[in-house]
A.B. asks: 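Dumping the structure here so I can ask a few things about it.
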Amino acid sequence: MSKHTSFAETLTALRQSEPESLTFMRGIEKEGLRVTPEGVISQRPHPQSIGSALTHPSITTDYSEALLEFITPATDSAKSVMKNLEEVHRYTHQHLGDERIWPASMPNKIDDELDVPIAQYGHSNVGQLKHVYRRGLWHRYGRIMQCIAGMHYNFSIKDSLFEQLAAIEGVACDQAFKSNRYFGLIRNFRRNSWLLLYLFGASPAVDKSFVQGKDHPLETWDDETLYLPYATSLRMSGLGYQSHAQSNLFVCFNALSTYTNTLREALHHPIEEYQAVGVETDGVYNQLNTNLLQIENEYYADIRPKRTAKNGEKPLTALDQQGVEYIEVRCLDLNPYEPLGISLQQIDFMDLFLAFCMLNDSPKLSDEECREVDNNKRKVVTQGRHPEFKMHRKGEEISLKSWANELVEQMQPLAKLLDEKLETQSYSNALESMAVRIKQPSLTPSARILKDMANDKLSHSEFAYRQAQTLFSELSAPLSPDRLSQWNEMTAESLKKQKEIEASDECDFKTYLTNYLKAP
C-alpha cells in the first residue's frame with residue numbers, strides 16, 4: 001500500500017542516495033531561422049553540406065526549409081549538452097556562407113507568407129508525410145506563425161531514482177509508477193511554469209509584419225516594431241504559436257490514459273473549416289486529413305509527455321503502450337544574448353525546477369484550477385514585469401513577486417541537497433541568480449531587450465540581426481580536425497540513409513498515407 005510522503009521527507013530519504021541517482025538526463029532541441037545579409041528569411045534550400053534534414057541525428061529543419069533545428073543527444077552532463085550544442089552551431093556556421101542564424105524567437109520582417117519556404121525532405125513516403133503535414137499547418141494557421149523559434153528542453157530522471165522514490169512510497173517501481181510520477185511533474189509544471197515565462201521570456205516585441213490583419217493589444221515602438229512595455233514572452237501569448245481551433249480542446253493531464261484518450265479523440269474529430277480545404281487538390285496534398293489534429297505533434301502545449309517511437313510506430317501509440325519516457329518543455333524563448341540561445345546556468349535552474357516539480361506532491365488538477373493556471377500564464381506573458389502585477393492561486397490574489405519568492409524558498413533545500421551530493425554550487429548559484437531577477441525585473445531578458453532597443457534606437461529586427469552578427473563571431477572558430485571529420489561522417493551517412501529510405505519504398509504515397517492514418 002502506498003503512503004503519502006511530504007517533500008521534506010522525500011529529500012531526507014534521498015540524502016542516502018548515491019550521487020549518480022541525482023544526475024538528471026536532459027537534451028535540447030534548438031530552432032533558428034537562416035537569414036540573408038539583408039536580414040530577411042533565406043530562400044536557399046537546406047544546405048546539403050550539413051546533411052539530410054530527414055535523417056541527420058543533430059541537424060534538421062522544423063516548419064520551414066529555412067528554420068534550422070539542432071538536436072543534442074540526451075546526457076547526464078549539462079556541460080556535455082552545451083558542448084554538443086556549440087559544436088553543431090560551429091559546424092553549421094562553416095556551411096552557411098553569408099547567412100546567419102536569427103537569434104530571436106520572433107521572426108524578422110516577412111511581408112508575404114509565401115516568402116516562407118515549407119521544409120522539404122525528399123521524395124520518400126516518410127519525407128512526403130513530413131512535408132504534407134507542414135502544408136496542412138500552412139492552411140490551418142498560416143506560414144508566418146510557423147517561423148517562431150524556440151528551445152525545447154527534454155528531461156528525465158534515472159531508474160535508480162525512480163526505484164528510491166517507489167521504495168519511499170512503498171510501491172512497485174513499474175512503468176505505471178514512472179508514468180504517474182511524470183504526470184505529477186507535468187501538473188506541478190503547469191501550476192508553476194509562469195515562473196519560467198517571467199525569468200526566461202525574451203520576446204517582448206515583434207515586427208509589424210507578424211501581426212498583419214490580426215487584432216492585437218500591442219503598442220507602437222517605431223515604424224517597424226510593436227511591443228508591450230511589461231511583456232515577457234509574446235511568443236507564448238495569443239499572438240504567438242497558438243491554435244484558435246484547439247482552444248476548445250481540453251487535454252487532461254491527470255493520468256496517462258486521460259491524456260492519450262483526449263488526443264486520440266482530437267485525431268479523429270473532423271473540423272468543417274478543414275474539410276472545406278480538402279486533403280488533395282488536383283493531385284497536390286493540402287493536409288494529411290481534415291481532423292482537429294493531423295498528427296499528435298500538432299497539439300500545442302507548453303509541456304508534453306514523450307516516448308521514443310519505433311520506426312513506423314505512432315508517437316501516441318508508443319506512449320499509450322509503453323508509458324512516459326521523458327518530458328518535453330516547450331515554453332522557452334531563445335535568449336538572444338546567449339551564443340547558444342541558452343546558458344549553462346539556465347540548464348541548472350531548469351533541472352532544479354523540473355526536479356522540484358517531480359518530487360513535490362502533485363494533486364490532480366480540477367477544471368477550475370486548469371482555468372486559473374491558463375489565465376495566469378496568459379497574463380504573465382503580456383504583463384509579467386509590471387511592478388504591481390497580480391495573479392490568482394486557489395482563488396486568492398497574490399503578487400508575482402510574492403509567489404515567485406515562495407517558490408525560490410521552497411526549492412532551496414533541493415538545491416542544497418543536489419550541491420552537496422554532486423559536490424558543486426551550481427544549483428544554489430542558479431537559484432540565487434534567478435532570485436535576483438525576481439527582485440530586479442530589469443535583469444530579465446525581455447527587459448534587457450527593450451532597454452537595448454531604446455538605448456540604440458533599434459527596431460526589433462535591427463536588434464536581432466545585430467545580435468546574430470555578434471553571436472556568429474563568437475561561434476565562427478572552426479572545429480578541431482578530429483571533430484570536423486566526425487561531423488562530416490555524420491553528414492555523409494545521413495545523405496546515404498535518405499537515399500536508402502527513398503529506394504526502399506514499396507507503395508505510392510497515397511497508399512502509404514492511408515495505411516499510416518489507419519494504424520492504431
Side-chain angles (χ1 to χ4, degrees), residues 24 26 28 30 78 82 103-106 149-153 155 185 188-205 228-237 240 302-303 327 329-338 340-357 360 373 376-387 389-391 393 398-412 414-415 418 426-452:
F24 310 114
R26 89 284 290 156
I28 285 174
K30 188 252 184 184
M82 292 294 283
S105 280
M106 302 308 284
M151 182 85 62
H152 296 171
Y153 195 87
F155 175 88
L185 183 163
N188 279 336
F189 178 92
R190 296 196 70 226
R191 292 179 172 106
N192 300 319
S193 63
W194 55 265
L195 180 61
L196 302 181
L197 299 172
Y198 170 84
L199 293 173
F200 304 120
S203 51
L228 286 176
Y230 299 108
T232 60
S233 177
L234 294 179
R235 165 180 170 265
M236 294 298 296
S237 74
D302 57 0
I303 188 169
I327 60 95
V329 175
R330 301 166 54 83
C331 65
L332 298 179
D333 287 353
L334 303 179
N335 186 339
Y337 294 103
E338 293 293 337
L340 307 178
I342 191 170
S343 68
L344 185 60
Q345 188 175 74
Q346 184 176 346
I347 289 179
D348 290 333
F349 182 82
M350 288 297 301
D351 289 345
L352 175 64
F353 178 83
L354 294 170
F356 173 76
C357 290
N360 248 304
V373 162
N376 282 338
K377 286 188 287 190
R378 273 194 290 268
K379 293 177 181 177
V380 168
V381 295
T382 57
Q383 308 167 41
R385 286 184 290 103
H386 193 286
F389 180 70
K390 297 287 198 302
M391 306 165 66
R393 182 173 63 182
I398 183 172
S399 73
L400 181 147
K401 284 191 175 182
S402 295
W403 193 351
N405 285 328
E406 285 182 22
L407 287 173
V408 167
E409 184 176 350
Q410 291 166 12
M411 283 188 274
Q412 283 175 346
L414 177 57
L418 294 174
S426 60
Y427 292 103
S428 295
N429 289 343
L431 188 60
E432 182 179 351
S433 178
M434 296 307 114
V436 175
R437 287 190 192 182
I438 295 166
K439 185 178 180 180
Q440 301 179 52
S442 61
L443 298 178
T444 60
S446 56
R448 291 178 60 195
I449 289 169
L450 293 181
K451 181 180 178 181
D452 285 349

A.B. asks: Within a 6.0 Å radius of atom CD on E409, are there more than 12 heavy atoms belonging to other residues, nucleotides or ligands?
C.D. replies: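 No.
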A.B. asks: Which heavy-atom pair separates V380 from Y198 by the least distance, and what is that distance?
C.D. replies: CG1-N, 4.2 Å
A.B. asks: Where is the tightest heavy-atom contact between A149 and R235, given as atom of each residue plus distance?
C.D. replies: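 It is O-NE, 3.4 Å.
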A.B. asks: As an exercise, state the distance from CD1 of I28 to CE of M82, rounded to the nearest 0.5 Å.
C.D. replies: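 The CE atom of M82 is 7.0 Å from CD1 of I28, to the nearest 0.5 Å.
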A.B. asks: Report the distance from atom CG of L228 to atom NE2 of H386, rounding to the nearest 0.5 Å.
C.D. replies: 12.0 Å
A.B. asks: Give, for atom CE of M350 and atom OG of S343, the distance between the pair rounded to the nearest 0.5 Å.
C.D. replies: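 Nearest 0.5 Å value for the CE-OG distance: 11.5 Å.
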A.B. asks: Name the orientation class of the two ring planes belonging to F24 and Y427 (parallel below 30°, tilted from 30 to 60°, perpendicular beyond 60°).
C.D. replies: perpendicular
A.B. asks: What's the verdict on side chain to side chain contact (heavy atoms under 4.5 Å, CB included) for D302 and L196, showing C-alpha distance, side-chain angles and the deciding distance?
C.D. replies: CA-CA 11 Å; D302 57 0; L196 302 181; over 6 Å; no
A.B. asks: Is the closest side-chain heavy-atom distance between T382 and Y230 below 4.5 Å?
C.D. replies: no
A.B. asks: Going through the checks in order, is the side chain to side chain contact (heavy atoms under 4.5 Å, CB included) test met by F389 and K379?
C.D. replies: CA-CA 9 Å; F389 180 70; K379 293 177 181 177; 3.6 Å; yes
A.B. asks: Could you walk me through whether F349 and L431 pass the side chain to side chain contact (heavy atoms under 4.5 Å, CB included) test, one step at a time?
C.D. replies: CA-CA 6 Å; F349 182 82; L431 188 60; 3.8 Å; yes
A.B. asks: Measure up the F353 and F189 rings against each other and bin them: parallel (under 30°), tilted (30 to 60°), perpendicular (over 60°).
C.D. replies: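 F353 and F189: perpendicular rings.
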A.B. asks: Do you know which two heavy atoms are closest between S203 and S233, and how far apart they sit?
C.D. replies: OG-CA, 3.2 Å
A.B. asks: Any donor-acceptor pair under 3.5 Å linking the side chain of S105 with the backbone of L334?
C.D. replies: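 Such a contact is found between S105 side chain and L334 backbone.
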A.B. asks: So among D333, L340, L332, N335, which one has a side-chain contact (heavy atoms from CB on, under 4.5 Å) with M151?
C.D. replies: L332
A.B. asks: Give the C-alpha distance, both sets of side-chain angles, the deciding distance and a yes or no for salt bridge (charged side-chain N to carboxylate O under 4.0 Å, His left out) between E338 and K30.
C.D. replies: CA-CA 12 Å; E338 293 293 337; K30 188 252 184 184; over 6 Å; no
A.B. asks: Rounded to the nearest 0.5 Å, how far apart are CH2 of W403 and CE of M391?
C.D. replies: 5.0 Å
A.B. asks: Under 3.5 Å, is there a donor-acceptor pair between the side chain of R378 and the main chain of S237?
C.D. replies: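 No: the side chain of R378 does not pair with the backbone of S237.
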A.B. asks: Taking T232 for the side chain and G384 for the main chain, is one N or O donor matched with an acceptor at less than 3.5 Å?
C.D. replies: no
A.B. asks: For the CE atom of M236 and the CZ atom of R330, what is their distance to the nearest 0.5 Å?
C.D. replies: 8.5 Å
A.B. asks: Would you name the heavy atoms of L199 and M434 that are closest together and state the gap between them?
C.D. replies: CD2-O, 3.7 Å
A.B. asks: Under the criterion side chain to side chain contact (heavy atoms under 4.5 Å, CB included), I'd like the reasoning laid out for V373 against W194: C-alpha separation, chi angles, the key distance, then a yes or no.
C.D. replies: CA-CA 9 Å; V373 162; W194 55 265; over 6 Å; no
A.B. asks: Closer than 3.5 angstrom, by distance alone: can the side chain of Y337 be matched with the main-chain N or O of I449 as a donor-acceptor pair?
C.D. replies: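 Checking the backbone N and O of I449 against the side chain of Y337, a donor-acceptor pair under 3.5 Å is found.
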A.B. asks: List the atom of Q345, the atom of S433, and the distance in Å for their closest heavy-atom pair.
C.D. replies: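 Minimum heavy-atom separation between Q345 and S433: OE1-OG, 2.9 Å.
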A.B. asks: Once salt bridge (charged side-chain N to carboxylate O under 4.0 Å, His left out) is applied, do any residues pair with R190, and if so which ones, sequence neighbours excluded?
C.D. replies: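 Partners of R190 under the salt bridge (charged side-chain N to carboxylate O under 4.0 Å, His left out) test: D374.
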A.B. asks: I'd like to know if the side chain of R385 reaches the main chain of P441, judged simply by a donor and an acceptor atom lying under 3.5 Å from each other, with no hydrogens or angles considered.
C.D. replies: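 No.
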A.B. asks: Within the structure provided, determine whether F200 and C331 are in side-chain contact (heavy-atom separation under 4.5 Å).
C.D. replies: no
A.B. asks: Taking side chain as C-beta onward, heavy atoms only, is S193 less than 4.5 Å from K377?
C.D. replies: yes
A.B. asks: Is there a donor-acceptor pair under 3.5 Å between the side chain of D348 and the backbone N or O of A430?
C.D. replies: no
A.B. asks: Could you tell me whether K451 atom NZ has more than 12 heavy atoms of other residues or ligands within 6.0 Å of it?
C.D. replies: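 For K451, atom NZ is not crowded (no more than 12 foreign heavy atoms under 6.0 Å).
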A.B. asks: Could you tell me which non-hydrogen atom of I303 sits nearest to which non-hydrogen atom of I327, and how far apart they are?
C.D. replies: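 Here I303 and I327 meet closest at CD1-CD1, 4.0 Å.
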A.B. asks: Just verifying a value: how many Å separate E432 CD and Q412 CD, rounded to the nearest 0.5 Å?
C.D. replies: 9.0 Å
